Asker: 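The following block contains the structure, expressed as structure tokens.
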Amino acid sequence: MNDKKIRNNEITGVGCDVSQCKYNTIDSKCSASHISVQNDKATTKSETYCSTFCPRGCCD
């Protein structure tokens, strides 16, 4: 796995389409300091999920 660099409060190369996540930028990038994708039993993309998700206005 390639290490991703953080640039201008976004993890380069990591997109985000979840408009209600506080880490989603105006140009659909992830601005979290790290991400965590979970479900160790996943066998398809739809079975994975981003546990870094935080609804806008809810998290610190």
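Side chains are part of it too, since the values below use all heavy atoms of this structure and drop only hydrogens, waters and symmetry mates. Please read all numbers here as calculations on a predicted model, not as lab measurements.
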Asker: Over all heavy atoms of both residues, which pair between Thr52 and Ala32 is shortest? Give the atoms and the distance, please.
Answerer: CG2-CB, 3.8 Å

Asker: Is there a side-chain contact between Ile35 and Cys30 (heavy atoms, below 4.5 Å)?
Answerer: yes

Asker: Judged by atom type as modelled, is there a donor-acceptor pair below 3.5 Å linking the side chain of Ser51 to the main-chain atoms of Gln38?
Answerer: no

Asker: Taking all non-hydrogen atoms of both residues, which atom of Glu47 and which atom of Lys41 are closest, and how far apart?
Answerer: OE1-O, 4.2 Å

Asker: Taking all heavy atoms of Thr48 and all of Asn39, pick out the closest pair and write down the distance.
Answerer: CA-CB, 4.5 Å

Asker: List in chain and number order the residues that pass side chain to side chain contact (heavy atoms under 4.5 Å, CB included) with Ser46, two or more places apart in sequence or in another chain; answer none if no residue qualifies.
Answerer: Thr44

Asker: Does any part of the side chain of Arg56, heavy atoms only, come nearer than 4.5 Å to the side chain of Asn24, both counted from C-beta?
Answerer: yes

Asker: Taking the side chain as C-beta and beyond, is there a heavy-atom pair between Cys54 and Tyr23 under 4.5 Å?
Answerer: yes

Asker: Which heavy atom of Thr25 sits nearest a heavy atom of Ser31, and at what distance?
Answerer: CG2-CB, 3.8 Å

Asker: Give, for atom CD of Gln20 and atom CZ of Phe53, the distance between the pair rounded to the nearest 0.5 Å.
Answerer: 7.5 Å

Asker: In chain order, what residues pass the side chain to side chain donor-acceptor pair (under 3.5 Å) check against Ser19, with sequence neighbours excluded?
Answerer: none

